[in-house]
Amino acid sequence: AVVSTQSTGADEERKLLSLGLEMMMNPLIMFLEEPVKGMEFPSANGVLKLLKKQRNPKETIILTMSQPSSEAFALLDKVCLMADGHMVFLGEGKDAVKFFDRLGRPCPEMHNPADHFINELALKPKSKEQFSGLIETYTNQYKDSDLFKKMEEQISYVTKINQFRPDLSEKKKHQSNQMELAKENLKRSFLVTKRVSDNLIILLAQSFITCLFILLAFVGLKNDQNVGQNKAGLFFYFSTFHLFCWSSYATNFVHKQFPVFQLEYKLGMNGIFPFFLSNLLQSTSLIMSVVLLQFVVFYFATGLHISASTFFTAWFAVCTIALVSATLGIFTGCVTSVLHKAKGFNVLIGIPLVLLGGLYLNDKETPYWLVPIKYLSPIRYGFNALMANEFTQVDTIDCNPEKSNPCVYHNGTEVLDAYGVDPVVWYPYLFYQLPNVVGWCLSALLATYFRVRN
């Protein structure tokens, strides 16, 4: 990566941004031209300390500096002194001081070594030939010194190591770069989540309020003739919340990151797949945590079947709904740069998916012209999985003929049949969520591709 950082005054922020963007890509070599020129003393030293601290161990940073301070000079691992087109010295800073001692040009005590070297190697008001001869003498003495031999050995050692490295094909190099970019994008996604926390705060507030309403409405559900309607309502309400909640969250999150990504893509510093993968992984980790927290809050208080397998199966079913919703949100966030339009697409797509989710319209009685759409509804698969997971565990349902409600249900299988849910194990329903996730992922990748291209 080559970074030109010559700027002053008002351009200091742009200079720092340029450095930051380059460092995020973890290049093997960075060339910096006067990275701290025009900066005040504290800012200049702060930038150099940050470069040294954040540098990848495998990364090399080569920079030019005209007048480094003594603190800046001490931060440099290697120093190269140039004069009249010749390399007078290459090595550690402390060795440079020793070398000039041998030349009979010792650095005075309490003096900046960099200023001393510049003063010794600067063109004096004498003849050009005399100056060139002096520089040539310095250069020859350096080549005859042990310091030069030491540096030659280090260079030779590195060269031999590189000869034994396996020659990766272009495809493997590309894959490696893609994974490194995805890793850096993921780090940035979590950093953005932490620093720009309003989106996360809204999500957590919505989740808390939803749990509160569930506790108020569904606490202590009884195993009576109303159990089918009550638990189906609980599952459908919770599923619908996650459909719209996570699509909105993902759209907001992508919308905030997309301008920076678009700039990086145009500069060749980022890729479509790493950007998408990082957003997907960030959303997935957050989904798993938030849904688990919600289940811990209300699951045991609402009269649902209590067992480890049933609990985690229900948690996983809701996570799949949220994951499909998040990929939908990433897709709409990548389609347009206008946030309210993207959220409008979420609602436009979500409403028919809710209608065909299995509660408002019996799954087995869906009109044939709507059958293709119902197979796209994540709520349908999640809701059916939740119902099957819950009611296959119910062998008997309380029935009191003396009450006004007739004895419609005698066991969980009859409840499932009434809602058009096949009384089978739950996992086939969640398996069918996979094409939904893949479909929205591919749509998001294509949307991102065409948007950045245009």
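Predicted model only: the values in this text are computed from it and were never measured. Index from 1, following the sequence.
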Scanning both residues in full, the closest heavy-atom pair of Phe244 with Asn346 reads CE2-O, 4.3 Å

Find out whether Val324 and Tyr381 are in side-chain contact, i.e. whether some heavy atom of one side chain is under 4.5 Å from a heavy atom of the other. no

Apply side-chain contact (heavy atoms from CB on, under 4.5 Å) to Val415 and Glu390, showing your working. CA-CA 10 Å; Val415 175; Glu390 178 68 23; over 6 Å; no

Decide if the gap between the ring center of Phe298 and the ring center of Phe218 is smaller than 6.0 angstrom. no

Could you tell me which non-hydrogen atom of Phe276 sits nearest to which non-hydrogen atom of Ala444, and how far apart they are? CE1-CB, 3.7 Å

What are the two closest non-hydrogen atoms of Asp224 and Ile397, and how far apart are they? O-CG2, 3.3 Å

Flag if over 12 foreign heavy atoms under 6.0 Å of CE, Met288: no

Between Gln294 and Thr210, is any side-chain donor less than 3.5 angstrom from a side-chain acceptor? no

If you draw a 6.0 Å radius around CD in Gln393, do more than 12 non-hydrogen atoms from other residues or ligands fall strictly inside? yes

Counting C-beta onward and ignoring hydrogens, is there a side-chain heavy-atom pair between Phe275 and Leu181 closer than 4.5 Å? no

Backbone N or O of Leu186 within a donor-acceptor pair of the Gln282 side chain at under 3.5 Å? no

Parallel, tilted or perpendicular, as decided by the 30° and 60° cut-offs, for the rings of Trp246 and His242: parallel

Rounded at 0.5 Å granularity, tell me how far CG in Asn223 sits from OG1 in Thr396. 6.0 Å

Measuring from atom CG of Leu386 to atom OG of Ser239, what distance do you get when rounded to the nearest 0.5 angstrom? 5.0 Å

Might you point out which heavy atoms bring Leu416 and Ala388 nearest each other, and give the distance in Å? CD2-N, 3.9 Å

Are any non-hydrogen side-chain atoms of Leu376 and Ile349 less than 4.5 angstrom apart? no

Enter the distance from Asn279:CG to Phe258:CZ here, rounded to the nearest 0.5 Å. 10.0 Å

Got a sec: does the OH of Tyr237 have more than 12 other heavy atoms crowding it under 6.0 Å? yes

Under the side-chain contact (heavy atoms from CB on, under 4.5 Å) rule, what do Leu200 and Leu203 come out as? Steps first, then yes or no, please. CA-CA 5 Å; Leu200 180 60; Leu203 172 69; 4.2 Å; yes

Derivation of the ring pair (Phe, Tyr, Trp, His ring centres under 6.0 Å) call for Phe383 and Phe236: CA-CA 6 Å; Phe383 175 71; Phe236 200 83; 5.5 Å; yes

Polar side-chain atom of Ser248 near backbone of Cys245 as donor-acceptor pair, under 3.5 Å: no

Which atoms form the tightest heavy-atom contact between Met151 and Leu90, and what is the distance? CE-O, 3.6 Å

Answer yes or no: is there a donor N or O on one side and an acceptor on the other, between the side chain of Thr60 and the main chain of Ile29, under 3.5 Å? no

Does the Thr313 side chain pair with the main chain of Ser309, one donor and one acceptor, at a distance under 3.5 Å? yes

According to the interplanar angle, ranging from 0 to 90°, do the rings of Tyr249 and Phe253 count as parallel (below 30°), tilted (30 to 60°) or perpendicular (above 60°)? parallel

Answer yes or no: does atom NZ of Lys78 have more than 12 heavy-atom neighbours from other residues, nucleotides or ligands under 6.0 Å? yes

Approximate separation, where rounding is to 0.5 Å, of Thr448 OG1 and Arg451 CZ: 8.0 Å

Check whether any side-chain N or O of Asn436 sits under 3.5 Å from a backbone N or O of Leu323 as a donor-acceptor pair, and report yes or no. no

How many angstroms lie between CG in Leu293 and SG in Cys211, if you round to the nearest 0.5 Å? 7.0 Å

Flag if over 12 foreign heavy atoms under 6.0 Å of CZ, Phe190: yes

Validation row: Val394, Asn411 side chains within 4.5 angstrom (heavy atoms): no

Between Ala447 and Val335, which heavy-atom pair has the shortest distance, and what is it? CB-CG2, 3.8 Å

Given Leu304 and Lys231, is the side-chain contact (heavy atoms from CB on, under 4.5 Å) satisfied, shown in steps? CA-CA 8 Å; Leu304 297 176; Lys231 290 187 177 180; 4.0 Å; yes

So, the side chain of Glu33 versus the backbone of Leu63: is there a donor-acceptor pair under 3.5 Å, distance only? no

Salt-bridge present (Glu180, Lys183; N to O < 4.0 Å): no

Taking the side chain as C-beta and beyond, is there a heavy-atom pair between Ile379 and Leu353 under 4.5 Å? no

Are the side chain of Asn389 and the backbone of Ala385 linked by a donor-acceptor contact shorter than 3.5 Å? no

Any non-hydrogen side-chain atom of Thr310 less than 4.5 Å from a side-chain atom of Tyr299? yes

Classify the ring geometry between Phe295 and Phe311 as parallel (under 30°), tilted (30 to 60°) or perpendicular (over 60°). perpendicular

What do the steps show when you test Met65 against Phe73 for side-chain contact (heavy atoms from CB on, under 4.5 Å), and what is the final call? CA-CA 10 Å; Met65 298 179 68; Phe73 183 80; over 6 Å; no

Would a 4.5 Å heavy-atom cut-off, applied to side chains only, mark Leu328 and Thr332 as touching? yes

Would you confirm whether Ser325, through its side chain, and Ile321, through its main-chain N or O, come within 3.5 Å as a donor-acceptor pair? no

Going from CG on Leu76 to CG on Leu48, what distance comes out if it is rounded to the nearest 0.5 angstrom? 7.0 Å

Within the structure provided, determine whether Leu277 and Asn185 are in side-chain contact (heavy-atom separation under 4.5 Å). no

